[in-house]
Participant: 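Below are the structure tokens for one structure; questions will follow.
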Amino acid sequence: MSILKSDIKLAEIIRNELFRQRNSINLIASENYVSPSVIEAQINLLTNKYACGYPDHRYYAGCRYMDEIENLAIERAETLFSAEHANLQPYSGAQANFAVYFSSLEPGDTILAMDRTHGGHLTHGDSHNFSGRYFDFNFYGLDKKTERIDYQKVLELALKKKPKLIIAGSSSYSRLIDFKIFGEIAEKSGACLMADIAHIAGIVAAGLHPSPVSYSDFVTMSTHKTLRGPRGGIILCKRKYADTIDKAVFPGIQGGPLMQVIAAKAVCLKEASLPEFKKYQKQVLTNARMLAGALKERGFILVSGGTDNHMMTIDLRNKNVTACDAEKMLEHIGINVSRCSLPFDIIQEGKNGIRIGTPSVTSRGMSEKDMSFIAGIISMAVENFSANKKKAALMVKELLSRYPLYPEHI
Ligand SMILES: *Cc1c(COP(=O)(O)O)cnc(C)c1O
């Protein structure tokens with residue numbers, strides 16, 4: 001690294017972060033480890049270029065290679081997801097959602113989305129987010145007993161509220177989402193459907209979760225979660241919306257596209273089309289099921305009782321520990337998790353749920369037997385931290401030593 005010479009302070013921080021990533025078990029469901037090729041594609045001179053506009057219609061000279069890069073990325077996204085149109089410019093999943101709202105709604109319009117405490121995202125109408133400030137959100141949620149989406153309720157709400165847009169997608173829902181039913185509900189109520197597959201994009205790309213593309217007007221996603229690409233977003237839409245979506249992204253809500261990130265998205269989309277990627281996603285799902293089973297065997301309660309995808313939420317209310325304390329204890333021994341709300345948790349929102357996922361540990365090469373090992377460590381730490389923390393930390397170290405991360409990096 002040449003910044004080792006020019007900016008030793010920053011170089012050291014980056015190196016420390018590399019060591020942190022190497023030396024912890026990452027169970028944060030929204031994170032992943034990209035390939036060295038994805039890293040390379042976005043750390044280079046493409047960052048020098050302004051390319052406002054779209055291929056063949058730029059506001060700057062000298063964009064011919066930018067056009068080639070963006071066209072390649074668009075083509076790969078459209079092919080991978082069988083979509084009529086793709087926009088690769090959103091800086092993140094949140095921007096992708098904002099662009100869809102901006103393209104087809106007026107302030108004050110009605111939207112139907114999943115309640116945040118049941119798994120909806122901040123951009124799905126949270127009062128602290130632009131979405132909640134500018135639109136009239138109504139929320140559907142999970143059935144209290146099954147803790148799965150109550151589609152009948154969604155239909156009733158849609159018919160009653162007549163939203164302009166229905167959002168199907170979640171940040172913590174661990175079950176398959178029936179996009180076909182959502183499509184029918186949207187049709188019956190005269191709404192557009194936006195599927196937000198930020199979390200499950202990689203699983204959808206691998207064909208292991210039913211794709212929303214044919215049922216939805218718009219599909220938005222993050223590229224850095226299960227899709228295992230650079231931080232960023234993608235919008236897919238029907239051809240009839242292509243122009244309005246493109247204009248909503250630029251000049252609607254963004255400036256110059258991050259061409260180095262679009263290049264990295266192209267690399268990630270190529271990787272996602274390979275047989276190894278399908279194998280990887282299969283292992284992500286197998287690992288999640290294994291981890292869920294192993295946690296349940298140790299007395300942990302999971303929302304909806306398990307998982308069909310890459311993540312699950314632990315309900316800590318039967319353990320003598322808050323989510324915040326559990327997060328800290330686990331971080332202390334080298335395991336990273338994230339806190340989240342539990343559906344119908346009237347005690348304290350966000351205090352009793354821990355969301356965990358298997359994309360990162362699977363990228364490191366871990367498989368079923370490692371999942372029960374991890375469940376054992378989590379149990380030891382949460383049940384009796386002071387007695388077990390030393391041993392648990394050693395177990396984490398031992399496991400990680402068998403799955404090196406970025407061994408070529410220094
Ligand atoms: C992560 C996520 C997003 C977007 O997040 P970014 O950090 O902006 O990419 C959007 N929707 C859902 C459901 C998410 O989980």
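Order of appearance sets the numbers: ligands from 1, and atoms from 1 within every ligand.
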Participant: Return yes when atom OH of Y134 has more than 12 non-hydrogen atoms of other residues, nucleotides or ligands closer than 6.0 Å, and no otherwise.
Facilitator: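 Check fails, neighbour count at 12 or below.
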Participant: May I ask you to decide whether R58 forms a salt bridge with E70, counting only side-chain N to carboxylate O separations under 4.0 Å?
Facilitator: yes
Participant: When the aromatic ring centroids of H118 and F139 are compared, is their separation below 6.0 Å?
Facilitator: no
Participant: So, are E184 and K180 salt-bridged, with charged N and O less than 4.0 Å apart?
Facilitator: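 Judged by the 4.0 Å cut-off on N to carboxylate O distance, E184 and K180 do form a salt bridge.
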Participant: Show the distances, to 0.1 Å, for all pairs joining an N/O atom of ligand 1 and a protein N/O atom that are shorter than 3.5 Å, listing one pair per line.
Facilitator:
| from | atom 1 | to | atom 2 | distance (Å) |
| --- | --- | --- | --- | --- |
| ligand 1 | 8 (O) | S92 | OG | 2.8 |
| ligand 1 | 8 (O) | G93 | N | 3.3 |
| ligand 1 | 8 (O) | A94 | N | 2.8 |
| ligand 1 | 9 (O) | G93 | N | 2.8 |
| ligand 1 | 9 (O) | S222 | OG | 2.8 |
| ligand 1 | 9 (O) | H224 | NE2 | 3.4 |
| ligand 1 | 11 (N) | D196 | OD1 | 3.3 |
| ligand 1 | 11 (N) | D196 | OD2 | 2.5 |
| ligand 1 | 15 (O) | S171 | OG | 2.8 |
| ligand 1 | 15 (O) | K225 | NZ | 2.9 |

Participant: Side chains of N87 and Y54: any donor to acceptor distance under 3.5 Å?
Facilitator: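 Looking only at side-chain atoms, N87 and Y54 do form a donor-acceptor pair, the distance falling under 3.5 Å.
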Participant: Is the closest basic N to carboxylate O distance between D308 and R175 below 4.0 Å?
Facilitator: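 Salt bridge present between D308 and R175.
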